[in-house]
Amino acid sequence: MYDCYNRQINYLRISITDRCNLRCLYCMPEEGIPLISHDRIMHYEEIATVVREAVDLGIDKVRITGGEPLVRKGVEKLVAMIAAIPGIRDFGLTTNGILLERFAPVLKEAGLHRVNISLDAVNPVRYRELTRGGDVDQVIHGIEAAKRAGLTPVKINCVVQQSSEEKDAREVQEFCQLNDLEIRFIHQMSLEHGCFTTVEGGDGGDCSRCSRLRLTAEGKIKPCLFNDLGFDIRELGIRQALLLAIQNKPEKGSVNTINSFQNIGG
Ligand code: SAM
Ligand code: SF4
């Protein structure tokens, strides 16, 4: 499918939960956020139906994100349901890696192709500060497990404050070089202030080439991360919500005053 600006839309990012086992400084307040109630969170069946319709409209790349997707019960069942849909050429998941050591073999077995893992520091003290309590060793074990399981290429997402020359970022880069991992630097963004730039080493942030739709954990199809527009699958029906999102995809990002990273998934 093409949108009104002749961009081909082939990538769907799905946030399956707004819950998380970390509290990264730039993403979540320490006390957490008011959580979406269980009856509003999409069921796995609903998500799989959205993916089926989206593939029918030309989506061939799917990513599961969150919140932290690995904290949602039975995530491997959803992975298997999506993996069974013919026509998906690239099927990934973005995780903080904390629970990945246990999940990597299960996710591979269920049909996931690859993982992106967020890692902003390798120094244990800095990692604990940035995530408000996370243990970087668990992430490192998760990365090793993902490689062993063949969830490759394993890519690392590293959020930087100012530049990829910062100490934490340089240390993560060295770690990636030593461990044969691809790295992408993401500049810290602000949805409500419309601050975004392109991703170094990735393809996000360039509006003229944007191919993405997003599905929030409560069932809204969002045509743009930096916009308030969202089309509710339960109110409009899945196909109509997808079509409206494609037709109304803005030319450029502006501001998003409704969502935050942990409920839209980045
Ligand atoms: N919990 C998983 C994780 O951390 O990878 C998946 C969800 S998280 C919201 C997805 C990505 O968004 C992560 O790579 C995270 O670093 C990034 N992110 C969160 N808040 C951000 C912000 N304010 N600016 C830029 N990236 C952000
Ligand atoms: Fe959780 Fe990911 Fe947000 Fe960190 S960036 S608080 S791991 S959702």
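Quick note: residue numbers are just sequence positions, from 1. Atoms within each ligand, like the ligands themselves, are counted from 1 in listed order.
- For ligand 1, one of its N or O atoms has an N or O atom of Thr95 under 3.5 Å away.
- For the pair Arg239 and Asp56, the salt-bridge criterion is met [side-chain N within less than 4.0 Å of a carboxylate O].
- Ligand-side atoms of ligand 1 in range of Val159: 16 (O), 26 (N), range being under 4.0 angstrom from any heavy atom.
- Remark: minimum distance from atom 13 (C) of ligand 1 to any protein heavy atom is reached at Ser118 OG, 3.3 Å.
- Looking only at heavy atoms of the protein, atom 25 (C) of ligand 1 is closest to Met189 N, 3.5 Å.
- Using modelled atom types, one side-chain atom of Asn179 and one backbone atom of Phe175 make a donor-acceptor pair closer than 3.5 Å.
- Close approach of ligand 2 to Gly67 (heavy-atom distance below 4.0 Å) involves ligand atoms 8 (S).
- The Gln188 neighbourhood of ligand 1 comprises atoms 24 (N), 25 (C), with distances under 4.0 Å to a heavy atom of that residue.
- Just one residue in the list Ile88, Ile85, Leu93, Leu215 forms a side chain to side chain contact (heavy atoms under 4.5 Å, CB included) with Val62, and that residue is Ile88.
- Across the listed options Gly67, Gly266, Gly265, Gly67 owns the non-hydrogen atom lying nearest to atom 7 (C) of ligand 1.
- Protein atoms that are N, O or S and lie under 2.8 Å from atom 4 (Fe) of ligand 2 are these: Cys24 SG.
- Looking at Leu151 and Leu112, their side chains come closer than 4.5 Å, going by heavy atoms from C-beta outward.
- Remark: ligand 1 atoms within the under-4.0 Å shell around heavy atoms of Gly66 are 7 (C), 9 (C).
- Panel note: side chain Lys155, backbone Ile183; no donor-acceptor pair is recorded below 3.5 Å.
- Annotation: Thr94 places no N or O atom under 3.5 Å from an N or O atom of ligand 1; distance criterion only.
- When atom types are taken as modelled, the side chain of Arg214 and the backbone of Ile264 share no donor-acceptor pair closer than 3.5 angstrom.
- Using a 4.0 Å cut-off between a side-chain N of Lys or Arg and a carboxylate O of Asp or Glu, Asp90 and Arg63 do not qualify as a salt bridge.
- The ring-ring contact (aromatic ring centres under 6.0 Å, His included) search around Tyr11 returns none, not counting sequence neighbours.
- Polar contact with ligand 1: present for Glu68 (N/O pair, distance under 3.5 Å).
- No hydrogens or angles considered: a donor-acceptor pair under 3.5 Å links the side chains of Asn21 and Asn96.
- Near His187, meaning under 4.0 Å from any of its heavy atoms, are these atoms of ligand 1: 25 (C).
- Taking a cutoff of 4.0 Å between a charged side-chain nitrogen and a carboxylate oxygen, Glu166 and Arg170 do not qualify as a salt bridge.
- Using a 4.0 Å cut-off between charged nitrogen and carboxylate oxygen, Glu129 and Arg126 count as a salt-bridge pair.
- Remark: minimum distance from atom 22 (C) of ligand 1 to any protein heavy atom is reached at Phe261 CE1, 3.5 Å.
- Distance alone, capped at 3.5 Å, places no donor-acceptor pair between the Asn10 side chain and the Asp60 backbone.
- Close contacts between ligand 1 and Thr65 involve ligand atoms 6 (C), 7 (C) [criterion: under 4.0 Å to a heavy atom].
- Below 3.5 Å of separation, one finds no N or O of Cys20 facing any N or O of ligand 1.
- When only interatomic distances are considered, the shortest N/O to N/O separation between Tyr26 and ligand 1 falls below 3.5 Å.
- Ionic pairing of Arg23 and Glu30 is not present here: no N-O contact between side-chain nitrogen and carboxylate oxygen is shorter than 4.0 angstrom.
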